[in-house]
*Asks:* 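Can you keep this structure in mind? I'll have questions shortly.
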Amino acid sequence: MSHEHVSYLELLARGAGTEAYDRPVLLARASGAGPEVLAELEEAKQLALRVRAELEGRRRREAELSALFATAHDLAGLRDLDAVLRAIVQRARSLLGTEVAYLSLNDPTAGDTYMRVTEGSVSARFQQVRLGMGEGLGGLVAQTARPYVTDDYFEDPRFQHTRTIDAAVRDEGLVAILGVPLSLGSQVIGVLFAADRRARVFEREQVALLASFAAHAAVAIDTANLLAETRSALAELERANDIIREHSAVIERASEVHDRLSELVLHGGGVHDVADAVSEVLGGTVEFTETGAGAARRAGGHAVREGDDWVAAVSAGGETLGALVLHGQPELDPVDQRTLERAALVTSLLLLARRSAGEAEQRVRGELLDDLLDAPDRDRGLLRERAARLRTDSEAPHVVLAARIDRAAGDAADPDAGGRESADRQRLWSAASHLAATRHGLASARDGGTVLLLPLGPGERAADLARQTARSLGGTLREPVTVGASAPVRTLLDRPDQVAVAYQEARRCLDALVLLHRSGQGAAAEDLGFLGLLLADGRDIDGFVGRTIGQVVAYDRRRGTELVRTLDAYFASGMSPARTKDELHVHVNTVAQRLERVGRLLGPDWQSPARALEIQLALRLHALSDAVTGT
């Protein structure tokens, strides 16, 4: 292998730019190489450039496949439709290298189209524009259900220009636009766009990639409707049961299958449990299969006969999940056919439930906490029942914790700060929900952060729980999380309104930690000295006095000494032992001995400015308390 060939391999290995591939030819020509050598080098260069182009294409396809895989992963754990659609639009913009990407949806009620998600847009008019059906490039895509691309929007006569649309596009500065349809079956429900503020040509591979993202977006929208359709299916199942009861010959069998399926749903049964139950009731053999639902799917949800078998499609929201096939019963009366159909609906419900069980539990935990915070007058029996289903002990003492990721103030000027803040809130909510589930507590997103309601363990204090929570969430998210805690809520449901009060206390504690430059830490009001006394809604004066000078008060009571009186005189005399002895009419050595005893009881830093301020406040509150009680 010649030295020049090795040079091309080295260029390929380090991913050099195309201009670097001319260098071996130029060097050979400069050194006087003959025509045959130059021709061989030129052929090697072209081959190397083709290999480089193939490698670049593979890297690009790998990035595209990775983005499509990430999008499919988002759909599998769908929690927030807007978040999934935003991720799709962001990835489309990044991979196509456009300045702007956006997604519009049709509004059947208003008869027009509106912007749902924009990425890279700077014009408020563009982000809020509504298009009449058939108007603009998007209207052309929706009418034909085909992708359309224009190199220069304002010079393109293929679609209907309107003053409103053109003004919005001009305000955004768009020139080249590619639009692909969002389709559910044969119905176009919206359009996904990629656009640049300069003329450009979109390649066929880019059109296909944007169409793939559009397909994912359509699936996301369809998935978001599954829950409502599932509820409708359950209601239909109940209505079908009423119809079955009208047929006296099959009342007992229909009732049995209904009870069996309901029990399976309530006790977490699986797909094969449903098949076994229906097999027993209908007297044949029922199996679930992920294939073979073609004719049943075309029958619109009805069971159809295929040879000696009956087939009912298992589907939800336009997605076919499989089929229930009944063998050994070629003749079924209409009621039994309906039973097989309803079993297929229950099977689809179980499949969907299994797909989103973890997400559903997090959402339910958040809803219960939201009710405790926002609607404490709800029926207590119902609240208690919901708490029990989530294994939350409503009789145990709980602490309300407010958690937040606090970024540096300079981040506010970052143009991506808003998107990062939204992502932070989502990550924090996810981590907090997991923590709440493991501790049999509750969590919900609120006020730019997350609120948790966690039980106290034996011997555990609110401050301990706050610090543990800050460490746990910070470790999970790999960045500091600040956590403020309320005083313990003794029982959740005796006075549900106290949860909202405790949340406000936790938020005040959280804000105080930030003001004190203690971001990334966890604390309760009791950690913050007299500042915590001001923050606490219950104003635990006795607790504050006990924590601050309790040992001195107890010493006086046991020994009959006057340490408290000496402290009062010492601070009143400007912390001067000489003036203190005049106030107390004792020898200065006596004052020194008493203050030395105080130091041993309260610690060597008791005269520091912060401690001295707290001690003086505690002395004043102690004196007021004695005056009120007459002691």
*Asks:* For a salt bridge (charged side-chain N to carboxylate O under 4.0 Å, His left out) check, start with the C-alpha distance between Arg130 and Asp107, then their side-chain angles and the critical distance, and finish with the verdict.
*Replies:* CA-CA 10 Å; Arg130 297 185 74 97; Asp107 186 342; 3.0 Å; yes
*Asks:* Can you say whether the rings of Phe193 and Tyr102 are parallel (under 30°), tilted (30 to 60°) or perpendicular (over 60°)?
*Replies:*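 Parallel: the ring planes of Phe193 and Tyr102 meet at under 30°.
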*Asks:* Any idea which heavy atoms bring Leu510 and Ala402 closest together, and the distance?
*Replies:*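 Nearest pair, atom of Leu510 first, then Ala402: CD2-O, 3.9 Å.
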*Asks:* Taking all non-hydrogen atoms of both residues, which atom of Ala432 and which atom of Thr450 are closest, and how far apart?
*Replies:* CB-CG2, 3.4 Å
*Asks:* Just by distance, with hydrogens left out, do Asp370 and Ser444 show a side-chain donor and acceptor under 3.5 Å apart?
*Replies:*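 Side chains of Asp370 and Ser444: pair found under 3.5 Å.
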*Asks:* Testing the 3.5 Å rule here: is there a donor-acceptor pair between the side chains of Asp156 and Tyr148?
*Replies:* no
*Asks:* Take a 6.0 Å sphere around CZ of Arg158 and say whether it holds more than 12 heavy atoms from other residues, nucleotides or ligands.
*Replies:* yes
*Asks:* Atom OG1 in Thr118, atom CD in Gln127: separation rounded to 0.5 Å?
*Replies:*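 Rounded to the nearest 0.5 Å, the OG1-CD separation comes out at 4.0 Å.
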*Asks:* Going from CD on Gln160 to CG on Leu140, what distance comes out if it is rounded to the nearest 0.5 angstrom?
*Replies:*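 Going from the CD atom of Gln160 to the CG atom of Leu140 covers 10.5 Å.
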*Asks:* One thing to verify: whether Arg446 and Asp374 come together as a salt bridge, which I'm taking to mean a side-chain N less than 4.0 angstrom from a carboxylate O.
*Replies:*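 Counted as a salt bridge, because a side-chain N and a carboxylate O are separated by less than 4.0 Å.
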*Asks:* Flag the pair Phe154 / Asp166 as yes when at least one side-chain heavy-atom distance between them is below 4.5 Å, and no otherwise.
*Replies:* yes
*Asks:* Do we see a donor-acceptor contact under 3.5 Å between the side chains of Asn106 and Tyr114?
*Replies:*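 Note: Asn106 and Tyr114 side chains miss the donor-acceptor criterion.
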*Asks:* Do Asp82 and Arg116 sit within salt-bridge range, that is, some charged N less than 4.0 Å from a carboxylate O?
*Replies:* yes
*Asks:* Measure across Ser121 and Glu172 and return the closest heavy-atom pair with its distance rounded to 0.1 Å.
*Replies:* OG-OE1, 2.7 Å
